[in-house]
2 protein chains.
Amino acid sequence: MANTPPDLNLDKLDLNIIQQLMHDASLSYAEIGKKLFVSAGTIHVRIKKLQEAGVISGMKYQVDLKKLGYDVIAFIGIYLEKSSLYDTVAKDLKKIPEIVRMNYTTGNYSIFVEVVCKDINQLRYILHDELQKIKGIERTETILSLEESLHRTVTVTPA
Amino acid sequence: MANTPPDLNLDKLDLNIIQQLMHDASLSYAEIGKKLFVSAGTIHVRIKKLQEAGVISGMKYQVDLKKLGYDVIAFIGIYLEKSSLYDTVAKDLKKIPEIVRMNYTTGNYSIFVEVVCKDINQLRYILHDELQKIKGIERTETILSLEESLHRTVTVTPA
DNA sequence: ATTGAAAGAGTCTCAGT
DNA sequence: ACTGAGACTCTTTCAAT
């Protein structure tokens, strides 16, 4: 359960590169280098090192899911009959493709998930048909997002 | 308040391209084209069209925040004194850089936010010092993530 | 709308410092 | 560990279909 070894000896340059790439992965090495006053080759070496260390992994396009008809974002808090059922329930939840995120949590809920789906009917289907079938869930509480007013990534630049 | 015009006339090819790129933006046009049995030029034209329509926007690197020392993910449900205070409270919340996501919600809470920070001390600081200062917040409820067991994106491939 | 080829830009490797 | 230049690959444009 111990955490990943924390000290990767990342210097200011590494953190600055990460900060750039986590916001825009399309920047060229030359562009990043220019901003940070080093050559494109150096940026290349650093990025390779960061990838090998697993600090940065793949790049993904941002997709506007609303434009694809996915209008509903909901958060669902799940109460378990026994908290020892976490593993088995988690396994079943993962099979539902609309569940995009799942956290084991403290507080009221044992499991907290995020669902993205097309409309309220589909959400009802997930809540009433799919979740009800899973053994070990006592009850659920749904928080429906009416508007997502912020979605960004944390700033990692050194102080 | 009306939604974005839904019909962009996306065909199967468009959806397949989106599906590929939202998982791995580093694929070359030639690679995607090979998988989908069209030329690289066609992929290029389609991606350009999708970008202009805003269906896909920038690409971002995935960053392992744990390896950078960000060990804490928490969800905070916020109760407002009056729900009309949403705009002004939202504006103040956005100033806190550790708040990475914010939704206006139904259910128990009026506002639901996600926080990413380095340790529990920093979380306490955000809860006790930063949030307390914001006018209009009645109280908050914190859900701490002990483990993130799933984080993926919804599947958009046509049925 | 799709294709294939040519021009331009970016990545990757490596010898030198 | 950083640099700069050459080899290679990818993106971008465009004339033809």
Side-chain angles (χ1 to χ4, degrees), chain A residues 4-69 153 156-159, chain B residues 4-64 67-69 153 156-159:
Chain A
T4 353
D7 226 349
L8 295 159
N9 262 60
L10 302 176
D11 64 12
K12 247 181 177 167
L13 179 57
D14 292 314
L15 288 171
N16 278 316
I17 292 170
I18 293 167
Q19 179 64 19
Q20 305 274 342
L21 293 180
M22 79 197 279
H23 287 97
D24 185 1
S26 73
L27 294 165
S28 73
Y29 296 170
E31 283 174 298
I32 300 171
K34 206 172 165 186
K35 283 188 196 175
L36 304 176
F37 307 104
V38 290
S39 74
T42 300
I43 301 296
H44 180 230
V45 172
R46 294 299 187 105
I47 288 179
K48 211 173 154 191
K49 190 193 72 180
L50 290 168
Q51 280 174 323
E52 278 160 8
V55 179
I56 58 179
S57 45
M59 50 174 102
K60 297 178 197 287
Y61 265 94
Q62 300 304 111
V63 175
D64 185 339
L65 290 168
K66 269 195 178 170
K67 294 203 172 148
L68 296 177
T153 157
V156 301
T157 330
Chain B
T4 354
D7 226 350
L8 296 160
N9 262 59
L10 302 177
D11 64 11
K12 247 183 177 168
L13 180 57
D14 291 315
L15 287 172
N16 277 318
I17 294 171
I18 293 166
Q19 179 64 18
Q20 306 273 344
L21 292 180
M22 79 195 281
H23 287 98
D24 185 1
S26 72
L27 294 165
S28 76
Y29 296 169
E31 284 174 298
I32 299 171
K34 206 172 166 186
K35 283 189 197 176
L36 303 177
F37 306 105
V38 289
S39 75
T42 300
I43 301 296
H44 178 231
V45 173
R46 296 299 189 103
I47 289 178
K48 212 173 153 189
K49 190 193 73 182
L50 290 168
Q51 281 174 323
E52 278 160 8
V55 179
I56 58 178
S57 45
M59 50 174 104
K60 297 180 198 286
Y61 265 94
Q62 299 305 111
V63 175
D64 185 339
K67 293 204 173 149
L68 296 177
T153 157
V156 300
T157 330

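Bear in mind the structure is a predicted one, so any value in this text is a computation, not a measurement. Here is the naming used below: chain letters follow the sequence lines, and residue numbers restart at 1 for every chain.
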Does a side-chain N or O from [X] land closer than 4.0 Å to OP1 or OP2 of [N], or not?
X       : N      : answer
A:Arg46 : D:dA1  : no
B:His44 : D:dT12 : yes
A:Ser39 : D:dG4  : no
B:Tyr29 : D:dT12 : yes
A:Lys48 : C:dT11 : no

**OP:** Let me have DNA chain D in dot-bracket notation, would you? Count Watson-Crick plus G-U wobble pairs, both distances under 3.5 Å, and use [ ] for pairs crossing earlier ones and | for inter-strand partners.
**Re:** |||||||||||||||||

Provide, to the nearest angstrom, the distance between the [atom1] atom belonging to [X] and the [atom2] atom belonging to [N].
X       : N      : atom1 : atom2 : answer
A:Ile43 : C:dT11 : CD1   : P     : 11 Å
B:Met59 : D:dC10 : CE    : P     : 14 Å
B:Lys49 : C:dA1  : NZ    : P     : 8 Å
A:Leu21 : C:dT11 : CG    : C1'   : 14 Å
A:Phe37 : D:dT3  : CZ    : P     : 13 Å
B:Ile47 : D:dT12 : CD1   : P     : 9 Å

**OP:** Could you tell me whether a side-chain N or O of A:Gln62 sits under 3.5 Å from a main-chain N or O of B:Gly58, the two making a donor and an acceptor?
**Re:**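 Side chain of A:Gln62 to backbone of B:Gly58, a donor-acceptor pair under 3.5 Å: no, none is there.
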
Taking all atoms of both residues into account, what is the closest heavy-atom pair of [X] and [Y], and its distance?
X       : Y        : result
A:Leu8  : A:Ala53  : CD2-CB, 4.5 Å
B:Ile43 : B:Tyr29  : CG1-O, 3.7 Å
B:Leu36 : B:Leu13  : CD1-CD1, 3.8 Å
B:Met22 : B:Thr153 : CE-OG1, 2.6 Å
A:Asn9  : A:Asp14  : O-OD2, 4.2 Å
A:Tyr61 : B:Ser57  : CD2-O, 3.0 Å

Original post:
At under 4.0 Å between heavy atoms, what does A:Val38 touch on the DNA or RNA strands: base, sugar-phosphate, or nothing?
Top reply: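 Sugar-phosphate, backbone atoms only, no base.
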
Original post:
For A:Val45 and B:Leu13, take the nucleotide of DNA chain C holding the closest heavy atom to each; which residue's nucleotide lies nearer the 5' end?
Top reply: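 Counting from the 5' end, the first nearest nucleotide belongs to B:Leu13.
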
